[in-house]
Trainee: 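Can you read through this structure? Questions will come right after.
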Amino acid sequence: MAVSYNKLWKLLIDKNMKKKDLSEAAGISNSLIAKMGKNENVTVEVLVKICTALNCSIDDIMELVSDDKAI
């Protein structure tokens, strides 16, 4: 299973926010935003900060997707 943050990027669009705005609101670094842009793993602490800043739950910003490309 792999992590996808596509829900987060859609939520930012809905809230008319840029990644820089998210970084400032959540108190996280731009490098963490970049990692998420590549669907790389980040700590639960980072996810909680984002959810707190956006007033949402974790399932609103990420999902697990199958990384099996054989299908």
Side-chain angles (χ1 to χ4, degrees):
M1 299 299 279
V3 176
S4 171
Y5 297 105
N6 288 339
K7 286 183 168 186
L8 172 60
W9 311 134
K10 290 176 186 173
L11 183 61
L12 289 180
I13 291 168
D14 291 343
K15 291 184 176 276
N16 199 27
M17 291 179 72
K18 298 184 185 300
K19 291 178 181 179
K20 180 181 178 185
D21 299 328
L22 174 63
S23 174
E24 292 171 0
I28 58 175
S29 68
N30 290 330
S31 63
L32 285 171
I33 300 287
K35 281 182 74 170
M36 295 175 78
K38 299 175 189 172
N39 289 326
E40 295 179 5
N41 293 327
V42 296
T43 66
V44 174
E45 180 183 2
V46 170
L47 298 175
V48 169
K49 286 181 179 183
I50 291 170
C51 289
T52 301
L54 297 177
N55 193 28
C56 65
S57 62
I58 287 183
D59 64 334
D60 292 329
I61 64 169
M62 65 171 284
E63 64 184 335
L64 295 177
V65 294
S66 175
D67 56 1
D68 181 19
K69 301 195 189 297
I71 296 177

Trainee: Enumerate donor-acceptor pairs with a distance under 3.5 Å from any side-chain N or O in residues 11-18 to protein atoms, sequence neighbours excluded.
Mentor:
unit_1: K15; atom_1: NZ; unit_2: L54; atom_2: O; d: 3.4

Trainee: Return the set of residues passing side-chain hydrogen bond (donor to acceptor under 3.5 Å, both in side chains) with S4 (not counting sequence neighbours), or none when no residue passes.
Mentor: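 For S4, the residues satisfying side-chain hydrogen bond (donor to acceptor under 3.5 Å, both in side chains) (neighbours in sequence not counted) are N6.
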Trainee: Identify, with sequence neighbours excluded, every residue that meets side-chain hydrogen bond (donor to acceptor under 3.5 Å, both in side chains) alongside N30.
Mentor: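 With sequence neighbours excluded, N30 shows a side-chain hydrogen bond (donor to acceptor under 3.5 Å, both in side chains) to S23, given in chain and number order.
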Trainee: Using the test side-chain hydrogen bond (donor to acceptor under 3.5 Å, both in side chains), find all partners of D59 that sit at least two apart in sequence or belong to another chain.
Mentor: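 side-chain hydrogen bond (donor to acceptor under 3.5 Å, both in side chains) list for D59, sorted by chain: S57.
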Trainee: Among all residues two or more places apart in sequence or in another chain, which pass the side-chain contact (heavy atoms from CB on, under 4.5 Å) test with S31?
Mentor: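 side-chain contact (heavy atoms from CB on, under 4.5 Å) list for S31, sorted by chain: S29.
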Trainee: Under a single-linkage definition using a 4.5 Å side-chain heavy-atom cutoff for Ile, Leu, Val, Met, Phe, Trp and Tyr, are I50 and V48 assigned to the same hydrophobic cluster?
Mentor: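 Per the 4.5 Å side-chain linkage, I50 and V48 are not co-clustered.
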Trainee: Can you give me every donor-acceptor pair (side chain of residues 32-40, partner residue at least two apart or in another chain, under 3.5 Å) with its distance?
Mentor:
unit_1: K35; atom_1: NZ; unit_2: N41; atom_2: O; d: 3.3
unit_1: N39; atom_1: OD1; unit_2: Y5; atom_2: N; d: 3.0

Trainee: Can you find a pair of side-chain heavy atoms, one from M62 and one from K7, that are under 4.5 Å apart?
Mentor: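 M62 vs K7: side chains apart.
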Trainee: What's the shortest heavy-atom distance between C51 and I61, and which atoms?
Mentor: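 That closest heavy-atom pairing would be SG-CD1, 3.7 Å.
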Trainee: Side-chain heavy atoms nearer than 4.5 Å, only ILVMFWY residues, links allowed to pass through others: does that put V42 and V44 together?
Mentor: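 Looking at the clustering, V44 is in a separate group from V42.
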